[in-house]
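A short write-up of the structure that comes next.
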Amino acid sequence: MAQPKYTTHLGMVDILPDDVRKWQYLENLIREEAEKFNFEEIRTPIMEQTELIVRGVGQLTDIVSKEIFSFSRGEDNYVLRPELTAPVVRSFVEHHLEQRGGSQKLYYIGPMFRAERPQKGRQRQFHQFGLEVLGSDDPVADVEIIAFMVHIYKKVGITNTSLKLNSIGDPESRDAYKQALKDHLKPNYEKLSDVSKKRFEKNPLRILDSKEEEDQQFIESAPVITEYLNESSLSHYEKVKEYLNDLEIPFEEDPHLVRGMDYYTKTAFELISPDLGAQDALAGGGRYDLLVEEIGGPKTPAVGFAAGMERLFIACEELGIELGTKKSVDVYIVTLGDAARKWGLNHLPKLRAQGLSATMDYKGRSMKSQMKDADRENSRYAIIVGDHELESGKFTFRDMKESEEEALSMDEIFKHLLAK
Ligand code: HAM
């Protein structure tokens, strides 16, 4: 086949009709389950102001410093959203959503953009679903968020996951820890990787997330943040663990778990799958008690998570889980001759009005080709119509699965179809 002249950009993929079925299945599942948890959907624009993402996610994060898709038009600077927590917070502040009363329990599904080096499980346009609770500092909210996340993977049949949990404390705890971490790393500063050297002053916590070989020995021996938590951070963390145990949600504490955005406080978590290879994080999230104020809103503690949808599908493939149903149609009208085609076209809406899916040939093909096409479309029934059938008012009604036919009136056919 000739090479196409136009293709998608690197790291951006088309989702073709056969695949869309599993996307629709997952999206429906997320919506249904989110409603059960009493969350409401929020939809925000694909583009945001650069300043929001820089402030929200953090200037020194990989996302902002290396991966952002940005452009300007006139005076305005745009970025394609790399994640949805900062945009949801922007929307919350812009529309004073706190005035609706109670905690705002929001969910979203949609595309995100990060200019990363593409590989399996890592794309430049990828999709997330996520939940955010704004307006609660209660560990119950953290645990409901985690419970939802775990629940979705269980529902689709991905059970061999591990939940990593940490608390990175409030700013007071974190300052104490940062100092301890720097004291630990300082004697070996020269041996650290260049990236970690850069992070040393401005964002030492991110050194814990380094993948560089030379950093590993210093990370392993580093002090752990959970020993530096002040009373309020520690009691929050203890409650989260207690409630997870109550719900029998297994977790592993990982005191080196730090996340890729600067907005986190206290709880941080990730759901990992051994079936994913290098990009093993299915989902991640945590608490961000200061972000709403940072973006100009009222003091509003918050917690949330987001999950990569492509990674969920990769895990399904590895485990042999098929999501969604195969393409099919209830009725295919096979027509012979002009009068029958007209009859067919007029009867499609009548079938559809009864809640059935129905189609016919659009190409004026032979009866044999139409029967083949009905098979390819995975049709449950075919109604075969020619001049003779139109005259007699009896149509050939074929059960495609059983390979059985009967001559029936349309009333009888409808009765038959609706009894199924
Ligand atoms: P995140 O860990 O950056 O968190 O992303 C969440 C999930 O999105 C990851 O675990 C991964 O499954 C998926 N993901 C991220 N980048 C890519 C990529 N390039 N290609 C494919 N999948 C990817 C956040 O985005 C936070 N906003 C989560 C959050 C919500 N925290 C609090 N509320």
Side-chain angles (χ1 to χ4, degrees), residues 9-13 15 26 39 42 44 48 52-53 56-58 61-64 66-69 80-92 104-134 136 141-142 144-146 148-150 152-153 158 161-164 166 168 206 209 257-273 275-292 300-316:
H9 276 300
L10 180 72
M12 303 194 175
V13 300
I15 304 170
L26 181 61
F39 277 67
I42 184 164
T44 61
E48 291 283 348
L52 168 78
I53 301 299
V57 173
T61 58
D62 283 353
I63 293 181
V64 168
K66 297 193 219 151
E67 297 165 3
I68 212 83
F69 281 102
L80 296 182
R81 61 190 195 188
E83 59 104 52
L84 259 177
T85 308
V88 165
V89 169
R90 194 255 322 125
S91 182
F92 174 90
Q104 299 309 303
K105 299 171 62 178
L106 307 170
Y107 76 92
Y108 49 79
I109 303 175
M112 313 293 152
F113 304 85
R114 297 183 193 175
E116 298 189 79
R117 198 145 44 85
Q119 55 173 258
K120 191 171 184 193
R122 195 161 76 188
Q123 295 178 186
R124 291 187 159 188
Q125 175 174 339
F126 60 99
H127 297 76
Q128 289 185 339
F129 65 92
L131 255 57
E132 313 285 350
V133 176
L134 293 109
S136 167
D142 307 44
E144 277 270 281
I145 288 284
I146 294 173
F148 181 89
M149 176 180 79
V150 172
I152 290 292
Y153 291 92
I158 301 172
T161 55
S162 75
L163 173 63
K164 308 259 183 212
N166 194 17
I168 58 165
R206 302 243 1 104
D209 205 25
L257 175 72
V258 282
R259 304 254 315 126
M261 292 90 180
D262 283 352
Y263 48 63
Y264 289 111
T265 52
K266 297 185 177 168
T267 317
F269 56 85
E270 257 170 27
L271 193 69
I272 305 294
S273 161
D275 302 307
L276 283 182
Q279 303 304 317
D280 64 354
L282 283 167
R287 188 160 267 291
Y288 48 97
D289 288 345
L290 305 173
L291 183 61
V292 180
T300 309
V303 59
F305 88 96
M309 296 171 78
E310 286 81 0
R311 290 191 193 174
L312 184 150
F313 293 131
I314 294 172
C316 284

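First listed ligand is number 1; within each ligand, the first listed atom is number 1.
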Check: Can an N or O of Leu282 be found at a distance shorter than 3.5 Å from an N or O of ligand 1?
Finding: yes
Next item on the list: Report yes if the side chains of Thr161 and Val150 come closer than 4.5 Å at any heavy-atom pair, otherwise no.
Entry: no
Note to self: Could you work out, for atom 11 (C) of ligand 1, the closest of Glu83, Gln119, Glu310, Arg311 by heavy-atom distance?
What the structure shows: Arg311
Note to self: Quick check: closest heavy atoms across Pro82 and Ile53, and the distance to 0.1 Å?
What the structure shows: CG-CG2, 3.7 Å
Notebook entry, point to check: Do the side chains of Gln104 and Thr300 get nearer than 4.5 Å, heavy atoms only?
Noted result: no
Check: Near Glu132, which atoms of ligand 1 are under 4.0 Å from a heavy atom of that residue?
Finding: 30 (C), 32 (C), 33 (N)
Next item on the list: Distance to 0.1 Å, residue and atom name: give those for the protein heavy atom nearest to atom 14 (N) of ligand 1.
Entry: Phe126 CE1, 3.5 Å
Margin query: Distance under 4.0 Å to a non-hydrogen atom of Tyr263: what atoms of ligand 1 satisfy this?
Written below: 26 (C), 27 (N), 31 (N)
Notebook entry, point to check: Is Tyr107 close to Leu84 at the side-chain level, that is, under 4.5 Å between some pair of heavy atoms?
Noted result: no
Check: Any idea which protein heavy atom is nearest atom 19 (N) of ligand 1, and the distance to it?
Finding: Glu116 OE2, 2.6 Å
Notebook entry, point to check: Where does Met261 meet ligand 1, judged by heavy-atom distances below 4.0 Å: at the side chain, the backbone, both, or neither?
Noted result: side chain
Next item on the list: Please tell me if the side chains of Asp262 and Val64 come closer than 4.5 Å, counting only heavy atoms from C-beta onward.
Entry: no
Checklist line | His127 near ligand 1 by a heavy-atom separation under 4.0 Å | finding: no
Check: So Val258 and Tyr264, side chain to side chain contact (heavy atoms under 4.5 Å, CB included) or not? Walk me through it.
Finding: CA-CA 9 Å; Val258 282; Tyr264 289 111; over 6 Å; no
Item checked: Any His127 side-chain heavy atom under 4.5 Å of Pro111 side chain -> yes
Next item on the list: Answer side chain, backbone, both or neither: which part of Phe269 comes under 4.0 Å from ligand 1, heavy atoms only.
Entry: neither
Check: Do the side chain of Arg206 and the main chain of Arg259 share a donor and acceptor less than 3.5 angstrom apart?
Finding: yes
Note to self: With a 4.5 Å cut-off on side-chain heavy atoms, are Thr44 and Arg90 touching?
What the structure shows: yes
Notebook entry, point to check: Backbone or side chain, does any N or O of Arg122 fall under 3.5 Å from an N or O of ligand 1?
Noted result: no
Check: Do any N/O atoms on Gly308 end up under 3.5 angstrom from N/O atoms on ligand 1?
Finding: yes
Margin query: Using side-chain heavy atoms (C-beta onward) and a distance below 4.5 Å, is Tyr288 in contact with Glu132?
Written below: yes
Margin query: Is it true that Glu83 and Gln128 share a donor-acceptor pair across their side chains at a distance under 3.5 Å?
Written below: no
Note to self: Between Val89 and Tyr263, is the side chain to side chain contact (heavy atoms under 4.5 Å, CB included) condition met? List the steps.
What the structure shows: CA-CA 11 Å; Val89 169; Tyr263 48 63; over 6 Å; no
Note to self: With a cutoff of 4.0 Å, is Gly121 in contact with ligand 1, counting heavy atoms of the residue only?
What the structure shows: yes
Margin query: Counting only nitrogen or oxygen atoms and a 3.5 angstrom limit, does Ala306 reach ligand 1?
Written below: no
Margin query: For atom 20 (N) of ligand 1, what is the closest protein heavy atom, and at what distance to 0.1 Å?
Written below: Gln123 N, 3.0 Å
Notebook entry, point to check: So which bit of Gln279 gets within less than 4.0 Å of ligand 1, heavy atoms only: side chain, backbone, both or neither?
Noted result: neither
Notebook entry, point to check: Is the backbone of Thr267 close enough, under 3.5 Å, to the side chain of Arg287 for a donor and an acceptor to pair up by distance?
Noted result: no
Notebook entry, point to check: Hey, is Gly260 one of the residues with a heavy atom under 4.0 angstrom from ligand 1?
Noted result: no
Checklist line | Side-chain touch Leu271/Phe305, heavy atoms, less than 4.5 angstrom | finding: no
Next item on the list: Select one of side chain, backbone, both or neither to describe which atoms of Tyr288 lie under 4.0 Å from any atom of ligand 1, heavy atoms only.
Entry: side chain
Item checked: Identity and distance of the protein heavy atom lying nearest atom 32 (C) of ligand 1 -> Gly304 O, 3.3 Å
Check: Nearest to atom 9 (C) of ligand 1, what protein heavy atom do you find, and at what distance?
Finding: Ala281 O, 4.1 Å
Note to self: Out of all atoms in ligand 1, which are within 4.0 Å of some heavy atom of Gln128? Include the element for each.
What the structure shows: 5 (O), 6 (C), 7 (C), 8 (O), 24 (C), 25 (O)
Checklist line | Shortest heavy-atom approach to atom 3 (O) of ligand 1 - which of Gln125, Arg114, Arg259 | finding: Arg114
Notebook entry, point to check: Which bit of Ala283 is near ligand 1, meaning a heavy atom under 4.0 Å away: side chain, backbone, both or neither?
Noted result: backbone
Check: For ligand 1, which atoms, with element, lie under 4.0 Å from some heavy atom of Tyr264?
Finding: 26 (C), 28 (C), 29 (C), 31 (N), 32 (C)
